[in-house]
2 protein chains.
Amino acid sequence: MKSPKDITIYDIAKALDISPATVSRGLKDHPGIRKDTKKKILEAARQMGYQHNTFARNLRIKKTNTIGVIIPRLNSYFMSTVIAGMEKIANERGYMLLISQTQESAKKEIASVNTMFNSRVDGLLVSLAFDTENIEHFDAMLKKEIPIIFFDRVAEHTKCTSIVINNIKAGYDATMHLIDQGCKRIAYVGGSLKRNVYADRLKGYKQAHAERGVAIDPALTIINTLSEQAGSEAAQQIMQMNPLPDGIFTANDTSAVAIIRELKFAGISVPEQIAVVGFNNDPISWVIEPNLTTIHYPGQEMGEIAATTLINTINNLPAANLNTLVLRHSLIIRQSSQRKK
Amino acid sequence: MKSPKDITIYDIAKALDISPATVSRGLKDHPGIRKDTKKKILEAARQMGYQHNTFARNLRIKKTNTIGVIIPRLNSYFMSTVIAGMEKIANERGYMLLISQTQESAKKEIASVNTMFNSRVDGLLVSLAFDTENIEHFDAMLKKEIPIIFFDRVAEHTKCTSIVINNIKAGYDATMHLIDQGCKRIAYVGGSLKRNVYADRLKGYKQAHAERGVAIDPALTIINTLSEQAGSEAAQQIMQMNPLPDGIFTANDTSAVAIIRELKFAGISVPEQIAVVGFNNDPISWVIEPNLTTIHYPGQEMGEIAATTLINTINNLPAANLNTLVLRHSLIIRQSSQRKK
DNA sequence: GTGAAAGCGCTAACAT
DNA sequence: ATGTTAGCGCTTTCAC
């Protein structure tokens, strides 16, 4: 396990009979170092097998060029797309990504924040776990002025930027569409109301009903984990309802697809008997039959914007001091909700 | 951007009127430090807001507790599942994950390796890009005895462990199944033959044909990027063939689904006219109609095993010095390939 | 059980 | 244009 021994700038300095400082400068294009000296240094470094020591540098300059990413889960289409966007930007701007999953647990989230803190990340990109109650665990970082950006599942904080879509409007759009298709009893299936995304979508659902003067039966609201399994169970629950709902708006596509499958299996026709609208525009939404009406959620773009904003903030660049950034969403109407020609 | 000032072990030492060495020891359960001293130190650390400095420590002990992950793309079901598995294990064992995407480019792969090298990761988990020709860019790390594990898209190297499934057998299983269903002209759609996974699956395809004495028309082999777009194009190409193939084996499910959609759109019935088998057991495989026959690829498990093996190697634990680890795959037969009752 | 002191490899202010 | 020097914060050997 032990390496022969690392080459340092001192070794190069000695070999070339110059000072370590000059080597350090030569290695990084410092202005005011002769061309030939620089060339000599680079050449020596290369052939001695010199490897830059990032730690020593970090220790010295107190900057890591590393961004921490804390997310509930990595393995969903939406999240992997977001991360892909973040990685792209980070890579372009010379930052590395340190990634940690909370598995939807507040406890793990706290642990992750602490690890990131100790790793001295330059900034944090966070989407909150289902059951996170407050965001005090970020206080230590904020006190040190380490910028934190929340995305998707966000928290209100005067010092942090949030990047979201307008979930209220999206919920409103989805629900209004169902109402326009003639639905009178629309079920809502969503995740924990502690999280803005689900609370807001429910709000939009209510707004749409209110605006059209349609009463809401509270029994039609189901809160679950939005997993495939949970979707199937929700479908069972819905099919027990009497009278049967004639529309379902659910807060992700995984759930929507699971529900449609159960309904079809039970011989209930979609959209004729029950119209369904999902959320995210996951690839499965255009594979399921009938194709799923859903809200397009720009994941890659959200990742890119989050990373860009964070890096700009870290470097005190302009356009950094925003409170909230709202991306555009759109309702994609497909067959699963269309009852009218 | 400037923090008030970090608390160090010296500050704690001064406050408690003891030495920094004692503080350092107290902070980490060093045997041979009095219980009450330790308690005093921990208490002071807590209330002074002490934050451990990982860099200084790394610099000192030359270990980072960080694992580098280099992959083609993050945003596929398979890869995000793998990463989720890795993160789980890394987290449990106190390691962090540094992730980088090559976007299928060898050039970016080389850059990533260098960054990881400079970041002094303790080990590397790698799945190769489409067009990587050789693996010399890993030599510097290997020379320093930094362990590297390849998974999925691997390369032969005496010093590295590879984690794979038996792609030849998987390709054989898929093809043999199609032959058993009565297919006589089976097309193969796969990715770059520079990568073991695609070359091996093609090999299996050929083996199955050879074993049954069925001749192969080379015109039936299509090499592309396996994207959705590429899948649609492959379908177009296949539909031009005369005579039409009666079976398609394609190396991922994204491609398979795109192909099925095109075929259906063109009025070709699946599986009656053309039977289709995919690869990966992506969620879309059981949503598409007809449900897709595919090879189950244990992504999460592969990620967990890769991470476990790497961490064991880093720590010189037993069972670490393996050359190749082969995980179990299985053929999942669904409707897209079933012609017989 | 605790302390003194020497570095880990690099950078940057200051000097030349 | 280059050199000197003083740390960054921590660990650890060797003393006591």
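So you know, we letter chains A, B, ... as the sequences are listed, proteins then strands, and number each from 1. Computed over heavy atoms, backbone and side chain alike; hydrogens, waters and symmetry mates excluded. Keep in mind that this is a model prediction, so the values were computed, not measured.
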> Between B/Thr66 (side chain only) and B/Thr64 (backbone N and O only), is there a donor and an acceptor less than 3.5 Å apart?
yes
> Can you list, in residue-number order, the parts of residues 7-15 of chain A that come under 4.0 Å of DNA chain D, counting heavy atoms only?
none
> Test the A/Arg153-A/Phe130 pair against the cation-pi criterion, namely NZ or CZ under 6.0 angstrom from the six-membered ring centroid and within 45° of the ring axis.
yes
> Residues two or more places apart in sequence or in another chain: which of them pass side chain to side chain contact (heavy atoms under 4.5 Å, CB included) with B/Asn118?
A/Gln51, A/His52, A/Thr54
> Quick one: salt bridge (charged side-chain N to carboxylate O under 4.0 Å, His left out) pairs with a partner in residues 112-130 of chain A, sequence neighbours left out?
A/Lys63-A/Asp122, A/Arg120-B/Asp6
> Do B/Arg93 and B/Asn312 pair up side chain to side chain, a donor and an acceptor below 3.5 Å, judged on atom types alone?
yes
> Expected output is a numbered-order residue list: members of residues 27-36 of chain B with a heavy atom under 4.0 Å from any atom of DNA chain C. What is it?
B/Gly32, B/Ile33, B/Arg34
> Counting side-chain heavy atoms from CB outward, which of D/dG3, D/dC10, C/dC10 is closest to B/Ala56?
D/dC10
> Which residues satisfy the ring pair (Phe, Tyr, Trp, His ring centres under 6.0 Å) test with A/Tyr77, sequence neighbours excluded?
none
> Quick one: which residue pairs count as a salt bridge (charged side-chain N to carboxylate O under 4.0 Å, His left out) with a foot in residues 10-29 of chain B, not counting sequence neighbours?
B/Asp29-B/Lys38
> Enumerate the residues from residues 47-55 of chain A whose closest heavy atom to DNA chain D is under 4.0 Å, giving them by residue number; use none for an empty result.
none
> For B/Lys63 and C/dC8, give me the distance from atom NZ to atom C1', rounded to whole Å.
16 Å
> For A/Pro20 and for B/Pro20, find the nucleotide of DNA chain C with the closest heavy atom, then tell me which residue's nucleotide is more 5'.
B/Pro20
> What pairs with A/Glu136 under side-chain hydrogen bond (donor to acceptor under 3.5 Å, both in side chains), at least two apart in sequence or on another chain?
none
> Separation of B/Arg120 atom CZ from C/dG9 atom P, in whole Å?
8 Å
> Checking contacts here: which listed nucleotide (C/dA12, C/dA4, D/dG9) is nearest the side-chain heavy atoms of B/Leu59?
D/dG9
> Taking the side chain from B/Asn91 and the backbone from B/Glu87, do they hold a donor-acceptor pair closer than 3.5 Å?
no
> N/O contacts under 3.5 Å, protein versus nucleotides 13-16 of chain C?
from: C/dA13; atom 1: N6; to: A/Arg25; atom 2: NH2; distance (Å): 2.9

> For B/Lys40 and C/dG1, what is the distance between atoms NZ and C1' respectively, to the nearest whole Å?
12 Å
> Between C/dG3 and B/Thr22, is there an OP1 or OP2 to side-chain N/O distance shorter than 4.0 Å?
yes
> Among all residues two or more places apart in sequence or in another chain, which pass the side chain to side chain contact (heavy atoms under 4.5 Å, CB included) test with B/Ala129?
B/Thr102, B/Glu104, B/Glu109, B/Asp131, B/Thr132
> If the plane angle is over 60° it's perpendicular, under 30° parallel, otherwise tilted; pick one for B/Phe55 and A/Phe55.
tilted
> Of the nucleotides D/dC8, D/dC10, D/dT2, which one has an atom closest to the side chain of B/Arg57?
D/dC10
> Expressed in angstrom and rounded to an integer, what is the separation of B/Asn58 atom CG from D/dT12 atom P?
12 Å
> Whole-Å distance between D/dT4 C1' and A/Ile18 CD1?
14 Å
> Applying side chain to side chain contact (heavy atoms under 4.5 Å, CB included), name anything that partners B/Thr22, two or more places apart in sequence or on another chain.
B/Ile18, B/Ser19, B/Ile33, B/Thr37, B/Ile41
> Please tabulate, for the side chains in residues 299-307 of chain A, all donor-acceptor contacts under 3.5 angstrom to protein atoms that are two or more places apart in sequence or on a different chain.
from: A/Gln300; atom 1: NE2; to: A/Glu304; atom 2: OE2; distance (Å): 3.0

> Can you see if the side chain of B/Ser24 gets near the phosphate of D/dG9 - specifically, an N or O under 4.0 Å from OP1 or OP2?
no
> Nearest-nucleotide wise, let me know which of B/Ile61 and B/Asp17 is further upstream toward the 5' end of DNA chain C.
B/Asp17
> Determine the sole option in A/Lys39, A/Lys40, A/Arg34 for which the side chain to side chain donor-acceptor pair (under 3.5 Å) test with A/Asp36 is passed.
A/Arg34
